[in-house]
Number of protein chains: 2
Amino acid sequence: MTDHTDPLAALPGYALRRAANAMMAELAGRLGEIELRVSDATVLLLVGERCDMTSSEIGKVLEIQRANMVPLLSRLERAGVIERKPIDRKSQAIVLTSAGVDALARVRDITGQFEQDLLDRIPAAHRAHFVPALQALIG
Amino acid sequence: MTDHTDPLAALPGYALRRAANAMMAELAGRLGEIELRVSDATVLLLVGERCDMTSSEIGKVLEIQRANMVPLLSRLERAGVIERKPIDRKSQAIVLTSAGVDALARVRDITGQFEQDLLDRIPAAHRAHFVPALQALIG
DNA sequence: TATTGTTATACTCTATAACTATA
DNA sequence: TATAGTTATAGAGTATAACAATA
């Protein structure tokens, strides 16, 4: 028998990376059933909360480069869940189509269940500390 | 002024992904100064703790696919920090060279400081809960 | 038969530089 | 001058299938 325990497991940065990879793989699998990526779902959730954001604004909030928003929004547009509404001749608001509203409802179901399952895996004593700790590491 | 606050920030999965991305970008920057990637450093730390592991065993512990270990170890071998020691005609043990021992010392300095800085960013009240919560999400 | 190391390949995410058209 | 949207490109992580050689 080989030793499969992980001597690095106690390192916070290492554990953070492993946990994020595991959870994102899990979420990607669940969202795959409605043909969406994690980043797609994130954009839909944001657009559902805040109307008439431009591509650049979405990118700033989610920390996605402007350039990387292009294929992402093209994909969502091709899927028929968002459309572009001109603000002026330079900027466009990203809005949900009616199919997008339906898709968002399914995204909310899936991510809501996912977030619940994630929290349930954390022992109760540590649960309330999880998000505040993570937030201290962002930005 | 546009609103740059993030309505998704309270979601545990989302915060987990954002925190991991931010911290790994930070660590990658620090390790870049000694020309190593995060995954390179992780392998060196593991090999430093456990002698004579094969490529497959390292991959199992770190959850890196066998196939993805190949370019990783080739890179470390080319950098002169590891070498392969035949176990039988099928398997090879991965061992540190003397340059590898030096490199590992620098990796330990950098990652030790990084882990400390990471923990320092977490408010004291939440700090002790961080790793246990993450470990509950792994595997 | 199962496992080791390997090749080839592809997809996703992320990052940067540069261009245009407009504010 | 600065910003919005875009193009092109590259680096890095991750995933699968398949093969030869060996246990």
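So that the names make sense, note that chain A is the first sequence line, chain B the second, and so on, each numbered from 1. In this text, all values refer to a predicted model and were calculated from it rather than measured experimentally.
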Length of the CD-C1' vector between Glu35(A) and dC11(C), whole Å: 15 Å
Protein-nucleotide distance (Asp88(A), atom CG; dT22(C), atom P), rounded to Å: 10 Å
Spacing of Gln92(B) atom CD relative to dA23(D) atom C1', expressed in whole Å: 15 Å
Whichever of Arg66(B) and Arg75(B) has its nearest DNA chain D nucleotide further upstream toward 5': Arg75(B)
Flag, side chain of Gln135(A) to backbone of Ala9(B), donor-acceptor distance under 3.5 Å: yes
Under 4.0 angstrom between Lys60(B) side-chain N/O and dT3(C) OP1 or OP2: no
Presence of Ser39(A) side-chain N/O under 4.0 Å of dC13(C) phosphate oxygens OP1/OP2: yes
Minimum-distance nucleotide to Ala67(B) side chain [options: dT6(C), dA23(C), dT14(D)]: dT6(C)
Proximity to the side chain of Val70(B) - top-ranked nucleotide from dT14(D), dT22(C), dT7(C): dT7(C)
Closest listed nucleotide, where the reference is the side chain of Ser91(B) and the choices are dT4(C), dT14(C), dT7(C): dT4(C)
Residue met sooner reading DNA chain D from 5', once Ser55(A) and Arg17(A) are mapped to nucleotides: Ser55(A)
Sugar-phosphate, base or nothing in reach of Ala28(A), heavy atoms under 4.0 Å: nothing
Spacing of Asp40(B) atom CG relative to dG13(D) atom P, expressed in whole Å: 7 Å
Given dG5(C), dT7(C), dA15(C), the nucleotide with the shortest approach to the side chain of Asn68(A): dA15(C)
Polar side chain donor-acceptor pair, Gln116(A) to Asp120(A), under 3.5 angstrom: yes
Angle between terminal axes - the helix from dT1(C)-dA23(D) to dA23(C)-dT1(D), 5 pairs each end, rounded to 10°: 20°
Rounded distance (Å) that lies between atom C1' of dT14(C) and atom CZ of Arg18(B): 14 Å
Whole-Å distance separating the CD atom of Gln65(B) from the P atom of dC11(C): 17 Å
Backbone of Gly13(A) reached by a side-chain donor or acceptor of Glu115(B) within 3.5 Å: yes
Sugar-phosphate, base or nothing in reach of Arg89(A), heavy atoms under 4.0 Å: sugar-phosphate
Closest to side chain of Lys90(A), choosing from dT12(C), dT14(D), dT22(C): dT22(C)
Sugar-phosphate, base or nothing in reach of Ala25(B), heavy atoms under 4.0 Å: nothing
Touch class at under 4.0 angstrom, heavy-atom based, for Arg84(B) against every strand present: sugar-phosphate
